[in-house]
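Scroll down for the structure; my scribbles are underneath it.
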Amino acid sequence: MTGTPPQTRVLVVGAGPVGLMLAGELRLGGVDVTVLDQLPVPTTESRASTVHSRTMEQLDSRGLLGELGTVPSSPWGHFGGIPLDLRLPSPYPGAWKIDQARIERLLADWAVRLGAEVRRDRRLLDVVDHGDHVEAVVATGVGEARILATHLVACDGEQSTVRDLLRADFPGRSAGRELLRADVAGIDVPDRRFERLPAGLAIAARRPDGVTRVMVHEFGAPAPQGPAEPTFADVAQTWKRVTGEDISGGTPLWVNAFGDANRQLTRYRHGRVLFAGDAAHQQMPVGGQAMNLGLQDAVNLGWKLAAVVRGRAPQGLLDTYHTERHAVGARVLGNIAAQSALLLGGPETGAVRTVLAELIRVPAVRARLAGMVSGLDIRYDVGAGDHPLLGARLPATALTGDGVHTDTAALLHPGRGLLLDLTGAGPDRVRRAAAPWRGRVTAVAAVPEQPGPLAGAGAVLVRPDGYLAWTGADPRDATAALDRWFGPPATPAPAED
């Protein structure tokens, strides 16, 4: 595909959860998107299986949770193997169990339904940033193709081809220890939740279908160097040395290992090439945070990149993706590094584990750690004052306006900004305030049905990713914030509906 650079196409490399989430977000923003993946068919491996509260809220804000039906959940997570109550104020407290393969199917269906194009069996060979567009060279089943796009986003995992091609600076630590993992049918071992035995750490959980996921680390065993994956024999032998149990007669359905590597790109943006998910940060998937971190990268980036491509973005908007998400990523990598040391460390970590187990019983400590792991405590610097809600997520709230019942999640389904007047003044003034940004910002007048965090807030401006960018007494005072996050107003202002 050659010729004139396209005006509205973004190329996403990687059709995992992050790439598909981004594709859907870009389509909501009115941008054409093509997703490339080197696999001929979607993987059935479910490396991740935990969806945390903030990610559940964001899936809800796109109307996606209903398609999943009933999802099992638990109030309990852990911090480095020490039990941690994850319940915080949210419609989705605790940890939710959804296999990565199921998340991928959900997001693929959504993105394609919105108009995204997913091309499989495509291997990226080269990327060139020409300044005004990006050119990708791709191997197909019949030769090579050149694809032009306004931007390219690497969502191609921790072994990112895009990152290697750009020689992007990726500092940090390589893996020194690893946890072996396998899904095994036909074995009968006790369920274990982070059981520390004299020789190592053992974890086992039997699923309703009879398959048991086992994970094991032998204290002091280093991570092997090189790309080779472990065999089931490796897992079975280590399991026997640690637990004394023989699982070698089981049928392995999937085997892999993950180490405690901890790296983060210096920059998430390289001109017209951006990075999200594990392509931007490599971490041990302790506590199920890795997929959640990547999905939230995608929701932060999608609306900003769409605004840039469509020529509606204020100056510097795309740079806020790096500023906001690099800081969040660094904090998550920090807590994962601490957890990895606690989880894979031998008897020498005993005293630290004992002290932390006592501290977690302190309510403020528990809430702090739970907020960090769940993503509910994220707060961006939006530079608009000191209201406690500014930069934080929009609290889930049931609303009534003009006799219609709705909620804050439903108002975010279109993927646009939201100017919400909560004063009961009626719809006219908020519609007039938002009219110059019609198509970018939805104007709603409603009042909370019950007392809650939004009570007394007056009016709020909410970004498409669900974070508050402004609060005030009157929506007509939001002009500067509307300019900052949604670009200059239309001239002349569009007629009201």
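As the structure is a computational prediction, the values presented were derived from the model and not from experiment. Start at 1 with the first residue, then count along the sequence.
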Yes or no on side chain to side chain contact (heavy atoms under 4.5 Å, CB included) for Leu165 and Thr161, after CA distance, side-chain angles and deciding distance? CA-CA 6 Å; Leu165 289 170; Thr161 299; 3.9 Å; yes
Is there a side chain to side chain contact (heavy atoms under 4.5 Å, CB included) between Arg272 and Leu152? Walk through the geometry before answering. CA-CA 6 Å; Arg272 289 180 175 266; Leu152 182 147; over 6 Å; no
Please lay out, stage by stage, how Val137 and Glu144 fare under the test side chain to side chain contact (heavy atoms under 4.5 Å, CB included). CA-CA 7 Å; Val137 181; Glu144 293 183 5; 3.7 Å; yes
Check the pair Met284 / Leu344 against side chain to side chain contact (heavy atoms under 4.5 Å, CB included), numbers first and verdict last. CA-CA 11 Å; Met284 191 175 185; Leu344 303 184; 3.5 Å; yes
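Among residues two or more places apart in sequence or in another chain, the side-chain hydrogen bond (donor to acceptor under 3.5 Å, both in side chains) test is passed with Gln282 by none. Partners of Arg263 under the salt bridge (charged side-chain N to carboxylate O under 4.0 Å, His left out) rule, at least two apart in sequence or in another chain, do not exist in this structure. For Arg163, the salt bridge (charged side-chain N to carboxylate O under 4.0 Å, His left out) criterion is met by no residue, not counting sequence neighbours. Annotation: ring-ring contact (aromatic ring centres under 6.0 Å, His included) contacts of His322 (sequence neighbours excluded): Tyr268, His326. In this view, Trp96 and Tyr92 satisfy the ring-ring contact (aromatic ring centres under 6.0 Å, His included) rule, not counting sequence neighbours. With sequence neighbours excluded, the residues forming a side-chain hydrogen bond (donor to acceptor under 3.5 Å, both in side chains) with Thr50 are Lys97, listed by chain and number. The side-chain hydrogen bond (donor to acceptor under 3.5 Å, both in side chains) search around Thr55 returns Asn292, Gln296, not counting sequence neighbours. Looking at residues two or more places apart in sequence or on another chain, you find a salt bridge (charged side-chain N to carboxylate O under 4.0 Å, His left out) between Glu324 and Lys304, Arg463.
Rounding to the nearest 0.5 angstrom, the gap separating the OG atom in Ser49 from the CD atom in Gln100 is 9.5 Å. Rounding to the nearest 0.5 Å gives a distance of 7.0 Å between CZ of Arg476 and CZ of Arg432. Note that CD1 of Ile82 and CG of Leu369 are 9.5 Å apart. Values are rounded to the nearest 0.5 Å. Rounding to the nearest 0.5 Å places CG of Leu343 at 11.5 Å from CD1 of Ile336. For the atom pair Leu124 CG and Gln38 CD, the distance stands at 9.5 Å (nearest 0.5 Å). Asp85 CG to Arg366 CZ: the interatomic distance, rounded to the nearest 0.5 Å, is 4.5 Å.
Under a 3.5 Å cut-off, the side chain of Asp260 and the backbone N or O of Gly176 do form a donor-acceptor pair. Remark: the backbone N or O of Arg102 is not paired with any side-chain donor or acceptor of Asp99 at under 3.5 angstrom. With Asn262 contributing its side chain and Leu333 its backbone, the two residues share a donor-acceptor pair below 3.5 Å. For His281 (side chain) and Ala276 (main-chain N/O), no donor-acceptor pair under 3.5 Å exists by modelled atom type. Without hydrogens or angle criteria, Arg416 side chain to Arg438 main chain gives no donor-acceptor distance under 3.5 Å. For Arg181 (side chain) and Phe258 (main-chain N/O), no donor-acceptor pair under 3.5 Å exists by modelled atom type. Side-chain N or O atoms of Thr323 include none that pairs as donor or acceptor with a backbone N or O of Thr320 at under 3.5 Å.
Note on Arg267 versus Asp169: no salt bridge recorded, every NZ/NE/NH1/NH2 to OD/OE distance being 4.0 Å or above.
Side-chain polar atoms of Gln159 and Asp278 form no donor-acceptor pair below 3.5 angstrom.
Listed by first then second residue, pairs satisfying ring-ring contact (aromatic ring centres under 6.0 Å, His included) with a partner in residues 152-176 number zero, not counting sequence neighbours. For residues 65-76, every residue pair satisfying the side-chain hydrogen bond (donor to acceptor under 3.5 Å, both in side chains) rule, not counting sequence neighbours, is listed here: Glu67-Arg113.
Using a 4.5 Å heavy-atom threshold, the side chains of Val71 and Val51 count as separate. For the pair Val10/Thr150, a side-chain contact is recorded, criterion being any heavy-atom separation below 4.5 Å from C-beta on. Counting only heavy atoms from C-beta outward, the side chains of Leu422 and Leu399 approach each other to under 4.5 Å. The shortest distance between side-chain heavy atoms of Glu57 and Ser90 falls below 4.5 Å. In this structure, Arg393 and Arg54 have side chains that are in contact, with non-hydrogen atoms separated by less than 4.5 Å. In this structure, the side chains of Val118 and Asp37 stay at 4.5 Å or more apart for every pair of heavy atoms. Side-chain atoms of Leu318 and Leu274, non-hydrogen and from C-beta on, do get closer than 4.5 Å to each other. With a 4.5 Å cut-off on side-chain heavy atoms, Arg213 and Asp183 count as touching.
Summarising the local packing, CZ of Arg368 is surrounded by 12 or fewer heavy atoms from other residues, nucleotides or ligands at distances under 6.0 Å. For CZ of Arg123, the number of neighbouring non-hydrogen atoms (other residues, nucleotides, ligands) closer than 6.0 Å is 12 at most.
Nearest heavy-atom pair, Phe486 versus Gly417, reported as atom, atom and distance to 0.1 Å: CZ-CA, 3.6 Å. Of all heavy-atom pairs between Asn300 and Trp303, the closest is O-NE1, 3.3 Å. Across Ala459 and Trp470, no two heavy atoms sit closer than the pair O-CZ3, 3.5 Å. Annotation for Leu419 and Ala433: closest pair CD2-CB, 4.0 Å, computed over non-hydrogen atoms. Smallest separation of non-hydrogen atoms from Gln339 and Gly80: OE1-N, 2.8 Å. When all heavy atoms are compared, the tightest approach of Gln264 to Ala330 is NE2-N, 3.3 Å.
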Review item, side-chain donor-acceptor pairs of residues 378-385, under 3.5 Å, at least two apart:
unit_1, atom_1, unit_2, atom_2, d
Arg379, NE, Leu390, O, 2.6
Arg379, NH2, His387, O, 2.8
Arg379, NH2, Leu390, O, 3.3
Tyr380, OH, Arg325, NH1, 2.9
Asp381, OD1, Gly383, N, 3.1

Side-chain polar contacts of residues 15-32 - donor-acceptor pairs under 3.5 angstrom, sequence neighbours left out - could you list them?
unit_1, atom_1, unit_2, atom_2, d
Glu25, OE1, Arg62, NE, 3.4
Glu25, OE1, Arg62, NH2, 3.0
Glu25, OE2, Arg62, NE, 2.7
Arg27, NE, Leu114, O, 2.9
Arg27, NH1, Val31, O, 2.9
Arg27, NH2, Leu114, O, 3.2
Asp32, OD2, Thr8, OG1, 2.9

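If you look at Phe275 and His270, their ring centroids are closer than 6.0 Å.
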